[in-house]
S.K.: 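Dropping the structure in here first, questions after.
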Amino acid sequence: MTIGAIIGLSLLTIVVISFVALICYYYKKARVISIIAGLMMVAAAWGIGAWYYTGTEAGKRAIKTQQSNFGGGIERKITVYDVEGDVIAKYEGRFDIEYDDDRILFDDEDGLRHIIYYPTGNVIVDEVAK
């Protein structure tokens, strides 16, 4: 799970526990039911979160993005081609990439920033298998 999901689910757990504690304090007859309902809500929320981050491709991408952000990037190979398909430049190393409609930006392992504009060519970014 991502750090954001863990924080969100932890806050939800605290809110549910607080709500159940208030119900138990004010409505003594509803203690068992409110505790069971609270446990079911918390278990369902954490279960859905775990399923999302392990069972969906979007969740797996979120985990990969977080690992890249906190781990100094992903081992990658970047190849830049011109309009005719000739290789202009190649980069290989561990880095994180930002991109938009007309450029990619990354800092290499030596701390040098690279900005590649590609409206007239192609850029291929491959993750290198470990």
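When reading the values below, keep in mind they use all heavy atoms of this one structure, side chains included, and skip hydrogens, waters and symmetry mates.
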S.K.: Do any N or O atoms from the side chain of Asp82 and from the backbone of Glu84 form a donor-acceptor pair under 3.5 angstrom?
M.R.: yes
S.K.: With sequence neighbours excluded, give me every salt bridge (Lys or Arg N to Asp or Glu O under 4.0 Å) pair touching residues 6-32.
M.R.: none
S.K.: For the CZ atom of Arg103 and the CD1 atom of Ile97, what is their distance to the nearest 0.5 Å?
M.R.: 12.0 Å
S.K.: Hey, any chance Leu39 and Met41 share a hydrophobic cluster, counting ILVMFWY side chains that come within less than 4.5 Å of each other, even indirectly?
M.R.: yes
S.K.: So how far is it from Leu22 CG to Ile17 CD1, rounded to the nearest 0.5 Å?
M.R.: 12.5 Å
S.K.: Distance check, rounded to the nearest 0.5 Å: Leu9 atom CG versus Thr2 atom OG1?
M.R.: 9.0 Å
S.K.: Grab the two heavy atoms, one from Ala45 and one from Leu12, that are nearest each other, plus how far apart they are.
M.R.: CB-CD2, 3.5 Å
S.K.: So for atom NZ, which belongs to Lys77, do other residues, nucleotides or ligands contribute more than 12 heavy atoms lying within a distance under 6.0 Å?
M.R.: no
S.K.: Looking only at heavy atoms, what is the nearest atom pair of Val128 and Glu92, with distance?
M.R.: CG2-OE2, 4.2 Å
S.K.: Do Val80 and Ile115 belong to the same hydrophobic cluster, where Ile, Leu, Val, Met, Phe, Trp and Tyr are linked whenever their side-chain heavy atoms lie under 4.5 Å apart, directly or via other members?
M.R.: no
S.K.: Would you mind listing every ring pair (Phe, Tyr, Trp, His ring centres under 6.0 Å) that reaches into residues 51-106, with sequence neighbours excluded?
M.R.: Tyr91-Phe106, Tyr91-His114, Phe95-Phe106, Phe106-His114
S.K.: Might you point out which heavy atoms bring Met1 and Gln66 nearest each other, and give the distance in Å?
M.R.: O-NE2, 4.0 Å
S.K.: Is the count of non-hydrogen atoms from other residues, nucleotides or ligands lying under 6.0 Å from Ile88 atom CD1 greater than 12?
M.R.: yes
S.K.: Supply the atom-to-atom distance Leu11 CG to Ile6 CD1, rounded to the nearest 0.5 angstrom.
M.R.: 12.0 Å
S.K.: For residues 61-71, which residue pairs qualify under salt bridge (Lys or Arg N to Asp or Glu O under 4.0 Å), counting only residues two or more places apart or in two chains?
M.R.: Lys64-Glu127
S.K.: Might you point out which heavy atoms bring Ala30 and Ile23 nearest each other, and give the distance in Å?
M.R.: CB-CG2, 4.2 Å
S.K.: Following the transitive rule for hydrophobic clusters with a side-chain heavy-atom cut-off under 4.5 Å over Ile, Leu, Val, Met, Phe, Trp and Tyr, establish whether Met40 and Val32 coincide in one cluster.
M.R.: yes
S.K.: Nearest heavy-atom pair of Val20 and Ser34: which atoms, and what distance?
M.R.: CG2-O, 3.4 Å
S.K.: Which heavy atom of Val123 sits nearest to which heavy atom of Tyr118, and what is that distance?
M.R.: CG2-CB, 3.7 Å
S.K.: Which value, rounded to the nearest 0.5 Å, describes the distance between Asp100 atom CG and Tyr117 atom OH?
M.R.: 8.5 Å
S.K.: To the nearest 0.5 Å, tell me how far Asn122 CG sits from Ile116 CD1.
M.R.: 12.0 Å
S.K.: Counting distance only, does the side-chain N/O of Glu98 pair as donor-acceptor with the main-chain N or O of Leu105 below 3.5 Å?
M.R.: no
